[in-house]
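Keep in mind it's a predicted model, so treat the numbers as computed, not measured.
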Amino acid sequence: MLENKVAIVTGGDSGIGKAIALELAKEGAAVTVNYHSNAEAAAQVKQEIEKYGGKALTVQGNVASISDLQTLVDRTLEAFGHLDIMVNNAGMETRTSVLDTTEKDYDMVMGVDLKGAFFGTQLAAKQMIKQNGGDNQNRKNAGRIINISSVHEDWPMPGNTPYCCAKGGLRMLTRTAGVELAPHGITVVGVGPGAVDTPINKGTLADPEKKAALNNAIPVGRVAEPEEIAGLVAWLASDKSSYVTATTYFIDGGIMQNSVGL
Ligand code: BGC
């Protein structure tokens, strides 16, 4: 589905990002796996991709830094020649409320979850427009930008306020950039997972009581595996999704529609 495509996945060394990097590569894309601090984990993702004949590159960088993002794009172009799919996946949360969030917490979460996706979108879109001749008005399939958001782009999570604010911003980035970039043939789509078995949820899943409460809130009765998110991302990254833009797909086992406690 993705032969001859080149993708960047930020935070591709773990969790949902890792599953996405592997899935895009399985579908034929060359993948740049960005990581922040775990070089070994990123190298393992690269190895796994190469094991089944795929092409991969690892690039360290903090997505909250525009110059790191530029390096990520430059290194991808050096290695693979073009950029077709940008997955702004890197994310973090502090689990702090409006009353106890520090300036540092706020800047960190906004920096990674929103600024990183904003400038990741900008730099990727500039490259996609350039490589399509710069005049690609009304083209189709000139690029895909996929923002990994959360149910919390639209659904409050008390005690996780900076994260909700960042994801709410990401929701509007997806919509506004989607409208702006549509004439260039570039689509911008959000994917909003619910609870997934990833490092971000390690604390909750390690505590039997919290885990049971979470499972009880999810109609499907369990958290998702990262692979259950990656399949949709691969389809959105392909030419098959050409009419989908400026919107979010939720994959949440029904959690947003549940009425637990009523
Ligand atoms: C958050 C998790 C939370 C899940 C479901 C995710 O976006 O990162 O902390 O458990 O949403 O509420």
Side-chain angles (χ1 to χ4, degrees), residues 1-10 12 16-17 19-32 73 76 80 82-89 91 114 117-155 167-194 196 224 226-254 256-257:
M1 203 158 58
L2 301 175
E3 290 77 18
N4 303 318
K5 305 274 190 199
V6 176
I8 292 176
V9 182
T10 67
I16 297 173
I20 292 170
L22 295 174
E23 186 70 21
L24 298 185
K26 267 185 208 146
E27 291 293 339
V31 181
T32 299
V73 173
T76 301
F80 304 126
H82 50 107
L83 172 63
D84 310 294
I85 302 157
M86 179 73 180
V87 185
N88 293 308
N89 164 79
L114 185 55
F118 187 104
F119 288 102
T121 297
Q122 182 189 75
L123 296 181
K126 282 186 177 173
Q127 173 57 29
M128 289 163 181
I129 291 169
K130 190 164 133 199
Q131 74 198 14
N132 279 283
D135 63 345
N136 52 349
Q137 293 285 314
N138 299 316
R139 275 178 196 248
K140 227 166 114 179
N141 300 326
R144 297 276 179 267
I145 295 168
I146 300 164
N147 294 324
I148 306 305
S149 179
S150 164
V151 289
H152 301 299
E153 70 165 44
D154 199 34
W155 196 44
K167 295 298 186 182
L170 191 54
R171 174 185 175 85
M172 284 311 291
L173 171 66
T174 296
R175 280 151 182 72
T176 312
V179 171
E180 288 178 354
L181 297 173
H184 296 283
I186 299 168
T187 63
V188 187
V189 184
V191 171
V196 186
E227 293 71 26
E228 293 180 283
I229 313 301
L232 174 64
V233 175
W235 182 81
L236 288 171
S238 78
D239 289 353
K240 294 184 184 193
S241 74
S242 48
Y243 206 67
V244 180
T245 198
T247 190
T248 303
Y249 276 81
F250 291 107
I251 314 185
D252 69 347
M256 287 173 89
Q257 314 306 324

Determine yes or no for a side-chain-to-main-chain donor-acceptor pair under 3.5 angstrom, with [X] supplying the side chain and [Y] the backbone.
{"X": "Ser241", "Y": "Leu236", "result": "yes"}
{"X": "Lys167", "Y": "Ile148", "result": "yes"}
{"X": "Thr10", "Y": "Asn88", "result": "no"}

Residues passing the side chain to side chain donor-acceptor pair (under 3.5 Å) test with Gln131, sequence neighbours excluded, are Gln127

Donor-acceptor pairs under 3.5 Å, side chain of residues 169-180 to any protein atom, not counting sequence neighbours: which ones?
unit_1: Arg171; atom_1: NH1; unit_2: Glu153; atom_2: OE2; d: 2.9
unit_1: Thr174; atom_1: OG1; unit_2: Asn147; atom_2: ND2; d: 3.0
unit_1: Thr174; atom_1: OG1; unit_2: Leu170; atom_2: O; d: 3.0
unit_1: Arg175; atom_1: NH1; unit_2: Arg171; atom_2: O; d: 3.1
unit_1: Arg175; atom_1: NH1; unit_2: Thr248; atom_2: OG1; d: 3.1
unit_1: Arg175; atom_1: NH2; unit_2: Thr248; atom_2: OG1; d: 3.4
unit_1: Thr176; atom_1: OG1; unit_2: Met172; atom_2: O; d: 2.7

Please give me the minimum heavy-atom distance between Val196 and Pro193, naming the atom from each residue.
CG2-CB, 3.7 Å

Between Lys140 and Ser242, which heavy-atom pair has the shortest distance, and what is it?
CE-OG, 3.8 Å

Decide yes or no for Asp239 and Lys5: does some side-chain heavy atom of the first lie under 4.5 Å from some side-chain heavy atom of the second?
yes

Measure the shortest side-chain to side-chain distance between Val233 and Asn89 over non-hydrogen atoms and say whether it is less than 4.5 angstrom.
no

Separation between [atom1] of [X] and [atom2] of [Y], rounded to the nearest 0.5 Å:
{"X": "Ile146", "Y": "Trp235", "atom1": "CD1", "atom2": "CH2", "result": "10.0 Å"}
{"X": "Met128", "Y": "Asp84", "atom1": "CE", "atom2": "CG", "result": "6.5 Å"}
{"X": "Ile85", "Y": "Ile20", "atom1": "CD1", "atom2": "CD1", "result": "11.0 Å"}
{"X": "Ser150", "Y": "Trp155", "atom1": "OG", "atom2": "CH2", "result": "9.0 Å"}

Phe119 atom CZ: more than 12 heavy-atom contacts under 6.0 Å
yes

